[in-house]
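For clarity, every value in this text was computed on a predicted model and none was experimentally measured.
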Amino acid sequence: MARDFSINILGLSKGVHQFEFQLGEDFFKKYGQEVITKGEFATTVILDKKETFIDADFKVEGKASLTCDRSLDEFDFPISISRKVVFKYGDEAKEVSDEIIIITHDQQKLDVGQLMYEFIALEIPIKKLHPRFENETGDETEGKIIYTSSSEESDEEAIDPRWEKLKKLK
């Protein structure tokens, strides 16, 4: 059975509350395996419940198991995340920004699992290289557009034949 990664906020008293989560294979099966499929993470969520909002501090520590784009070897990629999210009470549930989420007064639970997955996914590099390739100096032109042109040739080719007669008048 997959663990529930939500926090019951309806019954929480005002003040600070701490929750611990262990994220593993079941977590990534539940929330998505597009970016990351395996990893082990210890997560602490500290909720500070106030009258009109809930201040949430997320701390995620662990390692993601990634596959190197160059050698296809698996390697552990360390991740350490510290993020804040404010859940404000409002009439309609919506995400205002990455840091502010509006929730309704009668909402019973916060799904912190989806947020933790997004935080981890954002830390995964686009180009996944095994640590043994980190010190290699790659091709300096990689990712850059190189444009060269021979200005003399292009000038001569671009001249309209009517102007050619005027050049001869000099």
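Between E99 and K84 there is no salt bridge, since no side-chain nitrogen of the basic residue lies less than 4.0 Å from a carboxylate oxygen of the acidic one. Residues K109 and D111 are not paired through a salt bridge, judged by the lack of any N-O separation under 4.0 Å between the basic side chain and the carboxylate.
Atom CD1 of residue I101 and atom NZ of residue K94 lie 13.0 Å apart, to the nearest 0.5 angstrom. To the nearest 0.5 Å, atom CG of residue L115 and atom CD of residue E95 are 7.5 Å apart. Taking CG of L12 as the start and CG of L110 as the end, the distance is 8.5 Å to the nearest 0.5 Å. A distance of 6.0 Å separates CD1 of I120 from OG1 of T43, quoted to the nearest 0.5 Å. Taking CG of D98 as the reference point, atom CD of E118 lies at 8.5 Å (rounded to 0.5 Å). Expressed to the nearest 0.5 Å, how far CD1 of I100 lies from CZ of F53 amounts to 10.5 Å.
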(request) Start with the C-alpha distance between R132 and S71, add both sets of side-chain angles, then the distance that settles side chain to side chain contact (heavy atoms under 4.5 Å, CB included), and finish with yes or no. (result) CA-CA 10 Å; R132 71 172 178 256; S71 66; 3.3 Å; yes
(request) Apply side chain to side chain contact (heavy atoms under 4.5 Å, CB included) to L129 and R70, showing your working. (result) CA-CA 7 Å; L129 283 180; R70 187 181 294 178; 3.9 Å; yes
(request) Take M116 and F41, measure what side chain to side chain contact (heavy atoms under 4.5 Å, CB included) needs, and give me the verdict at the end. (result) CA-CA 10 Å; M116 292 185 293; F41 296 92; over 6 Å; no
(message) Quick one, K30 with D4, criterion side chain to side chain contact (heavy atoms under 4.5 Å, CB included). Give me CA distance, side-chain angles, the key distance, then yes/no.
(response) CA-CA 10 Å; K30 180 176 181 177; D4 189 24; 3.9 Å; yes
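Considering only heavy atoms from C-beta on, K88 stays 4.5 Å or farther from V96 through its side chain. Between V112 and L47 there is no side-chain heavy-atom pair separated by less than 4.5 Å.
Among all heavy-atom pairs drawn from K49 and L10, the shortest one is NZ-O, 4.2 Å. Summarising the geometry of I124 relative to A64, their closest heavy-atom pair is CD1-CB, 3.9 Å, with the distance given to 0.1 Å. Taking all atoms of both residues into account, the shortest heavy-atom contact from R83 to I81 is CG-CG2, 3.6 Å. For the residue pair P125 and L66, the shortest heavy atom distance occurs at CD-CD1, 4.3 Å. Smallest separation of non-hydrogen atoms from G24 and E40: CA-OE2, 4.1 Å. Closest approach of I7 to F21, counting heavy atoms only: CG1-CZ, 4.0 Å.
Residues satisfying the side-chain contact (heavy atoms from CB on, under 4.5 Å) test with S80, not counting sequence neighbours, are E61.
Checking each of K38, K63, K128 against E74 for a salt bridge (charged side-chain N to carboxylate O under 4.0 Å, His left out) leaves exactly one that passes, namely K38.
Counting non-hydrogen atoms of neighbouring residues, nucleotides and ligands closer than 6.0 angstrom, the CG atom of N8 exceeds 12 such neighbours. In the displayed structure, Q108 atom CD is contacted under 6.0 Å by at most 12 heavy atoms of other residues, nucleotides or ligands.
Using cut-offs of 30° and 60° on the angle between ring planes, the pair H130 and F133 is perpendicular. In this pair, F77 and F75 present their aromatic rings perpendicular. The plane angle is above 60°, beyond the 30 to 60° band.
No chain of hydrophobic side-chain contacts below 4.5 Å, direct or via other Ile, Leu, Val, Met, Phe, Trp or Tyr residues, connects V86 to I46.
Listed by first and then second residue, the ring pair (Phe, Tyr, Trp, His ring centres under 6.0 Å) pairs involving residues 85-122 are F58-F119, Y89-H105 (not counting sequence neighbours).
Inspection of the E20 and Q18 side chains reveals an N or O donor paired with an N or O acceptor under 3.5 Å.
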